Amino acid sequence: MRYREWIFLLILAGIGIALANFVGFKVGFFESLPGIVVLLVVSLCAVVLSKIIPCRLPIVAYCSILGLLVASPISPINNFVIESVNKIQFTTPLTMVGAFAGLSMSNQIRSFAEQGWKMIIVSILVMTGTFVGSAIISQIVLSLTGAI
């Protein structure tokens, strides 16, 4: 994918995040704009790094590493990053991720259906196992920390 396409998709995601943040959490567009810009700049830098660094890591790994670095105490801009990104509700970007995943899955629904009924059973078991596993881990951690 070319950089122009990445920039277009990131701007589209930023508009979606701003809209979801406004509709779902009543956070104004201009109030959430600095946080959206930070998230998008970190994402774009991760795309660039994935192209120039010879280590074959996924873009998500570069994005996570960059996000940790710019928000860490050693970063001179960590206060700005943390304050601006705190105005973005955590579930707001997930709305856009879900929308993009649904769109990409719609292109492959025919190949999914060709896998047969066994694939549906495996998918249900994987989703159920992931949910139950996450719930068990959450219960253990929250019990150990005294949160519940």
Side-chain angles (χ1 to χ4, degrees), residues 1-22 24-25 27 29-116 118-142 144-145:
M1 203 181 273
R2 295 180 302 217
Y3 292 120
R4 190 177 312 165
E5 293 168 348
W6 277 106
I7 292 170
F8 173 74
L9 288 175
L10 288 172
I11 290 172
L12 186 65
I15 292 169
I17 291 170
L19 184 63
N21 209 28
F22 176 71
F25 301 100
V27 178
F29 175 75
F30 291 109
E31 187 179 348
S32 62
L33 187 62
I36 293 170
V37 170
V38 167
L39 292 175
L40 299 183
V41 167
V42 167
S43 300
L44 186 61
C45 290
V47 169
V48 172
L49 284 177
S50 72
K51 304 291 183 200
I52 61 175
I53 294 178
C55 183
R56 301 294 301 166
L57 291 175
I59 294 173
V60 173
Y62 287 111
C63 199
S64 298
I65 293 168
L66 278 174
L68 287 170
L69 287 176
V70 296
S72 71
I74 62 170
S75 173
I77 59 170
N78 71 336
N79 288 331
F80 171 75
V81 169
I82 292 170
E83 286 175 18
S84 59
V85 173
N86 272 340
K87 294 188 175 90
I88 308 293
Q89 298 298 320
F90 176 71
T91 56
T92 305
L94 296 179
T95 304
M96 290 306 298
V97 170
F100 288 143
L103 288 173
S104 68
M105 190 64 187
S106 68
N107 291 338
Q108 301 170 359
I109 199 75
R110 181 168 286 138
S111 63
F112 179 74
E114 290 172 358
Q115 299 292 321
K118 294 176 186 175
M119 189 60 135
I120 294 172
I121 292 174
V122 168
S123 298
I124 290 171
L125 290 174
V126 166
M127 286 186 273
T128 304
T130 302
F131 176 78
V132 170
S134 297
I136 290 170
I137 291 170
S138 298
Q139 182 70 30
I140 291 169
V141 170
L142 290 172
L144 289 175
T145 58

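Everything quoted here is computed from the prediction, not taken from an experiment.
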Work out which heavy atom in [X] is nearest to a heavy atom in [Y]; give both atom names and the distance.
X: Leu10; Y: Ser43; answer: CD2-CB, 3.8 Å
X: Leu142; Y: Thr145; answer: O-OG1, 3.2 Å
X: Ser32; Y: Val27; answer: CB-CG1, 4.0 Å
X: Ile59; Y: Ser50; answer: CG1-OG, 3.5 Å

Rounded to the nearest 0.5 Å, what separation is found between the [atom1] atom of [X] and the [atom2] atom of [Y]?
X: Leu40; Y: Leu12; atom1: CG; atom2: CG; value: 10.5 Å
X: Ile88; Y: Phe25; atom1: CD1; atom2: CZ; value: 10.5 Å
X: Leu49; Y: Ile65; atom1: CG; atom2: CD1; value: 9.0 Å
X: Lys87; Y: Ile82; atom1: NZ; atom2: CD1; value: 12.5 Å

(request) For Phe8, look at atom CZ and say whether over 12 heavy atoms of other residues, nucleotides or ligands are found less than 6.0 Å away. (result) no
(request) Check whether any side-chain heavy atom of Trp6 lies under 4.5 Å from a side-chain heavy atom of Val48, and answer yes or no. (result) no
Any residue meeting side-chain contact (heavy atoms from CB on, under 4.5 Å) with [X], in chain and number order, not counting sequence neighbours:
X: Phe80; value: Pro34, Val38, Ser84
X: Leu57; value: Cys55, Ala61, Tyr62
X: Leu125; value: Ile121
X: Val41; value: Val37, Cys45

(request) Would you confirm whether Asn21, through its side chain, and Glu31, through its main-chain N or O, come within 3.5 Å as a donor-acceptor pair? (result) no
Using atom types as modelled, flag every donor-acceptor pair under 3.5 Å from a side chain in residues 69-77 to any protein atom, sequence neighbours excluded.
from	atom 1	to	atom 2	distance (Å)
Ser72	OG	Leu69	O	2.9
Ser75	OG	Val70	O	3.2
Ser75	OG	Ile77	N	3.3

Side chains of residues 129-137: which donor-acceptor pairs under 3.5 Å do they make with residues two or more places apart or in other chains?
from	atom 1	to	atom 2	distance (Å)
Thr130	OG1	Val126	O	2.8
Ser134	OG	Thr130	O	2.9

